[in-house]
Structures are given as C-alpha cells and as structure tokens.
Amino acid sequence: MKTRIKELRARYDLTQEDLARKVGVRRETILFIEKGKYNPSLKLAYDIAKALNATIEELFIFDEG
C-alpha cells in the first residue's frame, strides 16, 4: 500500500515526530507506514487523516494486485 503521508506532512511543515506525537505513536511507526512496511489499523489511519486534514482515501493508495 502506498501513502501520501509524507507529501501532506510537508504541506503542513510537520516532521515524522510531530505527526507521531499528534496521533500517539512512535516516529518509527510513521516512518514504516510511509515506506509501506506497515499497514496501520483503521483507527490509526483515521487519526493520521484527521491530523493532516485529509480523508483516508486521499492518504492511502491501495494496490489492486
């Protein structure tokens, strides 16, 4: 699964650490989600979307393959 988290974080001038603090996870969790190495829970995906003023659909690109 690909994400646009890094792109949207840049729009709001947020570091991985800033976003992690807003949603209550470790910076590494944000890093792994951005790199596609970790799929977040629905709650975490929702929290990240809310923190970035986006929808889940805007943030996550699901591969159909």
Side-chain angles (χ1 to χ4, degrees):
M1 176 170 55
K2 297 177 184 176
T3 75
R4 296 180 58 218
I5 294 173
K6 188 173 185 177
E7 175 188 333
L8 292 173
R9 269 194 313 102
R11 182 183 298 170
Y12 294 106
D13 198 31
L14 291 172
T15 65
Q16 289 175 341
E17 185 69 39
D18 294 335
L19 180 57
R21 205 173 301 116
K22 280 182 172 252
V23 298
V25 298
R26 295 174 48 212
R27 183 192 63 79
E28 291 83 2
T29 302
I30 301 299
L31 172 69
F32 291 145
I33 294 170
E34 285 183 357
K35 289 185 176 274
K37 296 182 186 284
Y38 177 74
N39 289 335
S41 67
L42 183 56
K43 169 135 176 41
L44 180 53
Y46 175 81
D47 290 344
I48 292 170
K50 189 173 175 186
L52 294 174
N53 295 316
T55 64
I56 290 174
E57 291 84 3
E58 289 173 305
L59 279 186
F60 298 96
I61 299 109
F62 295 96
D63 293 331
E64 296 284 333

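We're numbering straight along the sequence, starting at 1. What's counted below: heavy atoms across the whole structure, side chains too, no hydrogens, waters or symmetry copies.
Considering every non-hydrogen atom in both Ser41 and Leu44, the closest pair reads OG-N, 3.1 Å.
With sequence neighbours excluded, the residues satisfying side-chain contact (heavy atoms from CB on, under 4.5 Å) with Asp18 are Leu14, Thr15, Arg21. With sequence neighbours excluded, the residues that form a side-chain contact (heavy atoms from CB on, under 4.5 Å) with Ile56 are Leu42, Ala45, Tyr46, Ala49, Phe60. Glu7 is linked by a side-chain hydrogen bond (donor to acceptor under 3.5 Å, both in side chains) to Arg4, counting only residues two or more places apart in sequence or in another chain. Listed by chain and residue number, Gln16 satisfy the side-chain hydrogen bond (donor to acceptor under 3.5 Å, both in side chains) test with Arg27 (two or more places apart in sequence, or in another chain).
Expressed to the nearest 0.5 Å, how far CD of Glu28 lies from OH of Tyr38 amounts to 13.0 Å. Atom CD of residue Glu58 and atom CG of residue Leu8 lie 7.5 Å apart, to the nearest 0.5 angstrom. Rounding to the nearest 0.5 Å places CG of Leu52 at 8.0 Å from NZ of Lys22. Atom CD1 in Ile48 sits 4.0 Å away from atom CD1 in Ile33 (nearest 0.5 Å). Taken to the nearest 0.5 Å, the CG atom of Leu19 stands 12.0 Å off from the CG atom of Leu31.
Among pairs with a residue in residues 39-56, those fulfilling salt bridge (Lys or Arg N to Asp or Glu O under 4.0 Å) read Lys43-Asp47, at least two apart in sequence or across chains. Pairs passing the salt bridge (Lys or Arg N to Asp or Glu O under 4.0 Å) check and including a residue from residues 29-40, sequence neighbours excluded, read Arg9-Glu34.
One hydrophobic cluster, built from ILVMFWY side chains closer than 4.5 Å, holds both Val23 and Met1.
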